[in-house]
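Working notes for the structure below.
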Amino acid sequence: LIELFSKPEYVSYQNIPLLARLLKELYVYHKNFVVICIDEILESIERGLEINDYSLNMHRVAQVKYLTELYNFELIKPVVLVNTIYSIMNFRHSEAKPYLFCPNEFDLADNYFRIQLITTILLNVTRFPLAFSNKLYLLLRFLEYYIFTKSQPLPTEIQFKVEETLNKYIKGKSLSNFERSLSIQE
């Protein structure tokens, strides 16, 4: 049963929110079981970053979507979601942060998959408690910095997801800072 609730990649993508809802309903009766499932998901995400196998990318997308749905159903705290986003950006970078023009064999400048994972998380968040909102601005700025460590211009699909993510959280403000930063780098 743990395998069913800790492997969202085997469920249809549109049914991942239903799987999260079922896990939330089980929490009332089996708290330890739910904690084990959440721990398995977090470990799977980290293992996916370690393996970095292209053929498993859709599994990782399903895992971060599931983690986001667990957050939306209040099964994990905002700090867990924020730390997961930071760990996706920082994984296997020297001094735990990416640097411009510093090659990294685990996160190549022309590999944009981590950006896709992060935007998937941020676009699916529907709950905004104060603890999340307080860290959000800094998180978005760090995401912009991380994006600029990648080869430019971004692929069109990734560029659209980044713009959609920033539009969702900036609400009405223009993306002039993002666009200005992009032109500065060029």
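Every value quoted in this text rests on a predicted model; they were computed, and no experiment measured them.
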- Supply the atom-to-atom distance Lys7 NZ to His59 NE2, rounded to the nearest 0.5 angstrom. 9.5 Å

- Task: Using side-chain contact (heavy atoms from CB on, under 4.5 Å) as the criterion, list what pairs up with Phe160, not counting sequence neighbours.
- Result: Thr156, Glu163

- Item | Pair Glu50 + Arg47: basic N to acidic O under 4.0 Å | no

- Note on the structure: Those residues at least two apart in sequence (or on a different chain) that pass ring pair (Phe, Tyr, Trp, His ring centres under 6.0 Å) with Phe5 are Phe33

- Spacing of Gln63 atom CD and Ile16 atom CD1 [to the nearest 0.5 Å]: 9.5 Å

- Please, which pairs that meet side-chain hydrogen bond (donor to acceptor under 3.5 Å, both in side chains) have at least one residue in residues 14-28, sequence neighbours excluded? Ser12-Gln14

- Query: In Å and rounded to the nearest 0.5 Å, what is the CD to CD distance from Glu40 to Glu3?
  - Reply: 9.5 Å

- Heavy-atom check, side chain of Glu69 versus side chain of Leu75, under 4.5 Å: no

- Query: Arg114 versus Phe91: any side-chain heavy-atom pair under 4.5 Å?
  - Reply: yes

- Task: Answer with yes or no whether the hydrophobic clustering places Ile41 together with Ile36; edges join I, L, V, M, F, W, Y residues whose side-chain heavy atoms lie under 4.5 Å apart.
- Result: yes

- Same cluster (ILVMFWY, side-chain, under 4.5 Å), Leu26 and Ile2: yes

- Item | Residues in side-chain hydrogen bond (donor to acceptor under 3.5 Å, both in side chains) contact with Asn134, at least two apart in sequence or another chain | none

- Interatomic distance, CG@Leu67 vs CZ@Arg60, rounded to 0.5 Å, equals 14.0 Å

- Message: As a test of understanding, state which of Ile147, Val162, Leu117, Ile158 forms a side chain to side chain contact (heavy atoms under 4.5 Å, CB included) with Tyr112.
- Response: Ile158

Pairs under 3.5 angstrom only: tabulate donor-acceptor contacts from the side chains of residues 80-89 to other protein residues two or more places apart or in another chain.
unit_1 : atom_1 : unit_2 : atom_2 : d
Asn83  : ND2    : Val79  : O      : 3.3
Thr84  : OG1    : Val80  : O      : 2.7
Ser87  : OG     : Asn83  : O      : 3.4
Ser87  : OG     : Thr84  : O      : 2.8

- Query: Under 3.5 Å, is there a donor-acceptor pair between the side chain of Lys65 and the main chain of Ile121?
  - Reply: no

- Message: What I'd like to find out is whether the side chain of Lys161 reaches to under 4.5 Å of the side chain of Ile115, using heavy atoms alone.
- Response: no

- Drop me the distance from Leu42's CG to Ser6's OG, to the nearest 0.5 angstrom. 11.5 Å

- Ionic contact status for Lys168 with Glu164, cut-off 4.0 Å: no

- Item | Intermediate values then yes/no, side chain to side chain contact (heavy atoms under 4.5 Å, CB included), Tyr54 and Asn111 | CA-CA 10 Å; Tyr54 178 78; Asn111 185 347; over 6 Å; no

- Query: Looking at residues at least two apart in the chain, or sitting in another chain, which of them share a ring pair (Phe, Tyr, Trp, His ring centres under 6.0 Å) with Phe132?
  - Reply: Tyr71

- Query: With side chains defined as the heavy atoms from C-beta onward, is the minimum distance between Leu140 and Tyr145 less than 4.5 Å?
  - Reply: no

- Considering all heavy atoms, the nearest Pro8-Ala62 contact: CG-O, 3.8 Å

- Over 12 foreign heavy atoms within 6.0 Å of CG, Asp110: yes

- Give, for atom OH of Tyr66 and atom CD1 of Ile45, the distance between the pair rounded to the nearest 0.5 Å. 11.0 Å

- When every non-hydrogen atom of Arg127 is compared with those of Ile76, the smallest separation belongs to NH2-O, 3.3 Å

- Query: Heavy-atom distance under 4.5 Å between the side chains of Phe73 and Thr68, does that happen here?
  - Reply: no

- Consider only side-chain N and O atoms of Thr126 and Asn72, and report whether a donor and an acceptor are under 3.5 Å apart. yes

